[in-house]
2 protein chains.
Amino acid sequence: MTIGRPRAFDTERAIVQAMRLFWRNGYEGTSLSDLTDELGIARPSLYAAFGNKEALFLKVLDRYDRETYHFIQAALDAPTARALAERLVYGACAFHSDPENPPGCLMVHGALIGGEASASVRKETNHRRSLLRHRIADRLRRAKLEGDLREDADPVALSAYLVAILRGIAVEAASGAQPEDLRAIADIAMTAWPDRKAA
Amino acid sequence: MTIGRPRAFDTERAIVQAMRLFWRNGYEGTSLSDLTDELGIARPSLYAAFGNKEALFLKVLDRYDRETYHFIQAALDAPTARALAERLVYGACAFHSDPENPPGCLMVHGALIGGEASASVRKETNHRRSLLRHRIADRLRRAKLEGDLREDADPVALSAYLVAILRGIAVEAASGAQPEDLRAIADIAMTAWPDRKAA
DNA sequence: CCTCTTGTGTATCGATCGGTATATAAAGGG
DNA sequence: CCCTTTATATACCGATCGATACACAAGAGG
């Protein structure tokens, strides 16, 4: 079938292992030696399979969005605006409380800042973060049309607020906050959500 | 008076210049060459004046807390709990909207994550972040005693919420959010603040 | 002037960074 | 068996990392 020597490692498994490293130590904080040590493969194998460090990180981002940070999609599928908000903030609490997950959020910690060498990677994570806000805003606009969000509510402002809460929870979790601390934040955050009746 | 050759640069000015570099590119993202280029001094002069990179960063953190991130102190001096919250969230908006300031928050971006080389620096910024939450919680406890915060309000939870909002605003600002976006977040965040009357 | 003390400039240290050249090993096709 | 193709392992590349050894310059005190 496939010609040539077969690959001696599982690329999907390698991406997950790389994701955990980037997640914990950031893009610049994770060296090629860290990666090859953790993955148990030699350097040229990694380059042959993924291209280079940046390309591997992009693959990791895709995997993170698609299969790890998936409470976002569950939230966007919620039937009402309030359910969307609840699934977002409490989903973030559960996500960042899961001891299986490294602390914080890969999208925030992975490449929020750094030197000029990681500028393109930073741009990509920035883009994905703003994309999330737009997806939430679109869903809230639809909620207004469907009548489960007040007429005077501002979808753009509310989506910015929700995303800010997610970032705040992620940073606090990375700083060592306990699950109950995160839930307290989410509880208070939800009291700001507009009810169906006018003010 | 002082014996020996006089220093040819202003250490206070150098700390401010170093702060802006660390603020913009993070601790690990700022190299010694970046620092010496920006400060216009040679490498041994920097080491003689500040010790090493980590010691310089700690001096920068002190300066940031004391003279740059000072809206925090103004908030803690507020007469009421609600005024505290308002000064915090709107102060953060103004702070992160000021075009004179690099994007984001030095305490968050400077050393939120990284390799093992910056572990001690990360521990220090973590400590300072948790210190802020405790100072706010203490102020809110006093507010309850003084009667301008509802009896059933939880100072610890509210302080965690406020800090999370600050982190969220900082991350969004670093991601390129506009001043009006930040104010929208703050406006909604404040609607979660408990009124004096019971629910 | 000389000495002492401290800061400056050059040139460099070993370690590590991301990335590769080269040779060899393991499969399929003939 | 040989040839092609792909993956592996060793060893290495130039560049940069944080940090210094060394010699010299600039002031104070004698």
Side-chain angles (χ1 to χ4, degrees), chain A residues 1-15 17-18 21-22 24-61 110-111 113-122 124, chain B residues 1-15 17-18 21-22 24-61 110-111 113-122 124:
Chain A
M1 200 58 177
T2 54
I3 206 166
R5 178 174 177 173
R7 184 171 283 122
F9 65 98
D10 182 356
T11 57
E12 283 303 308
R13 175 180 162 85
I15 288 177
Q17 291 174 300
L21 277 181
F22 283 131
R24 194 173 290 277
N25 297 2
Y27 178 73
E28 289 191 320
T30 305
S31 71
L32 264 296
S33 298
D34 293 335
L35 288 166
T36 54
D37 286 355
E38 178 75 16
L39 274 59
I41 64 178
R43 205 166 289 211
S45 298
L46 191 149
Y47 275 83
F50 304 109
N52 59 10
K53 186 185 178 184
E54 178 177 338
L56 172 59
F57 186 74
L58 294 182
K59 284 191 172 61
V60 162
L61 283 185
I113 212 169
E116 296 184 6
S118 63
S120 64
V121 167
R122 217 155 47 242
E124 174 64 21
Chain B
M1 200 57 180
T2 55
I3 206 166
R5 179 173 176 170
R7 185 170 283 123
F9 66 97
D10 181 356
T11 57
E12 283 304 308
R13 175 180 163 86
I15 287 177
Q17 290 174 301
L21 278 182
F22 283 130
R24 193 173 293 276
N25 301 106
Y27 178 72
E28 289 191 321
T30 304
S31 71
L32 263 296
S33 297
D34 293 334
L35 288 166
T36 53
D37 286 355
E38 178 75 17
L39 274 59
I41 64 178
R43 201 163 267 173
S45 299
L46 192 150
Y47 276 83
F50 304 110
N52 59 10
K53 187 186 177 184
E54 178 178 339
L56 171 59
F57 186 72
L58 295 182
K59 283 190 170 62
V60 162
L61 283 185
I113 211 169
E116 297 185 4
S118 63
S120 63
V121 167
R122 218 157 45 243
E124 174 65 20

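Chain identifiers are assigned alphabetically (A, B, ...) following the order of the sequence lines, protein sequences preceding nucleic acid strands; residue numbering begins at 1 within each chain.
Remark: A:Thr11 engages no residue in a side chain to side chain donor-acceptor pair (under 3.5 Å) (not counting sequence neighbours). Residues satisfying the side-chain contact (heavy atoms from CB on, under 4.5 Å) test with B:Asn25, not counting sequence neighbours, are B:Leu21, B:Thr30. Taking the side chain to side chain donor-acceptor pair (under 3.5 Å) definition, one finds that B:Arg24 meets it with nothing, sequence neighbours left out. Qualifying salt bridge (charged side-chain N to carboxylate O under 4.0 Å, His left out) partners for B:Glu12, counting only residues two or more places apart in sequence or in other chains: B:Arg63. For the side chain to side chain donor-acceptor pair (under 3.5 Å) test, residues two or more places apart in sequence or in another chain that qualify with B:Glu124 are B:Arg128.
Rounded to an integer number of Å, the gap from A:Ile41 CD1 to D:dA7 P is 12 Å. When rounded to the nearest whole Å, the span between CG of A:Leu32 and P of C:dT20 equals 10 Å. Summarising the geometry, the separation between CZ on B:Phe57 and C1' on D:dG18 is reported as 16 Å, rounded to the nearest angstrom. The distance between atom CZ of A:Arg43 and atom P of C:dC17, rounded to the nearest whole Å, is 8 Å. For the pair A:Phe9 CZ and D:dT6 C1', the interatomic distance rounds to 12 Å; values are reported in whole Å.
In terms of phosphate contacts, A:Ser33 brings a side-chain nitrogen or oxygen within less than 4.0 Å of OP1 or OP2 of C:dC17. Distances shorter than 4.0 Å separate none of the side-chain N or O atoms of A:Ser31 from OP1 or OP2 on C:dT16.
Two residues are said to be in side-chain contact when any heavy atoms from C-beta on lie closer than 4.5 Å; A:Phe22 and A:Leu61 fail this criterion.
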Tabulate protein N/O versus nucleotide N/O from nucleotides 2-6 of chain C, keeping only pairs under 3.5 Å, one per line.
unit_1, atom_1, unit_2, atom_2, d
C:dT6, O2, B:Arg5, N, 3.2

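DNA chain D lies under 4.0 Å from no heavy atom of any residue of residues 47-56 of chain A.
Here side chain to side chain donor-acceptor pair (under 3.5 Å) pairs that include residues 44-59 of chain A, with residues two or more places apart or in two chains, are A:Glu54-A:Ser120. Residue pairs meeting the salt bridge (Lys or Arg N to Asp or Glu O under 4.0 Å) criterion with at least one member in residues 35-48 of chain B: none, sequence neighbours excluded.
Residue B:Ser45 places its side chain closer to C:dG9 than to any other of C:dG9, D:dG18, D:dT8.
Judged by distance alone, with hydrogens and angles left aside, the side-chain atoms of A:Arg122 form no donor-acceptor pair with the main-chain N or O of A:Glu116 at under 3.5 Å.
Heavy atoms of A:Thr36 sit nowhere under 4.0 angstrom from any nucleic acid atom.
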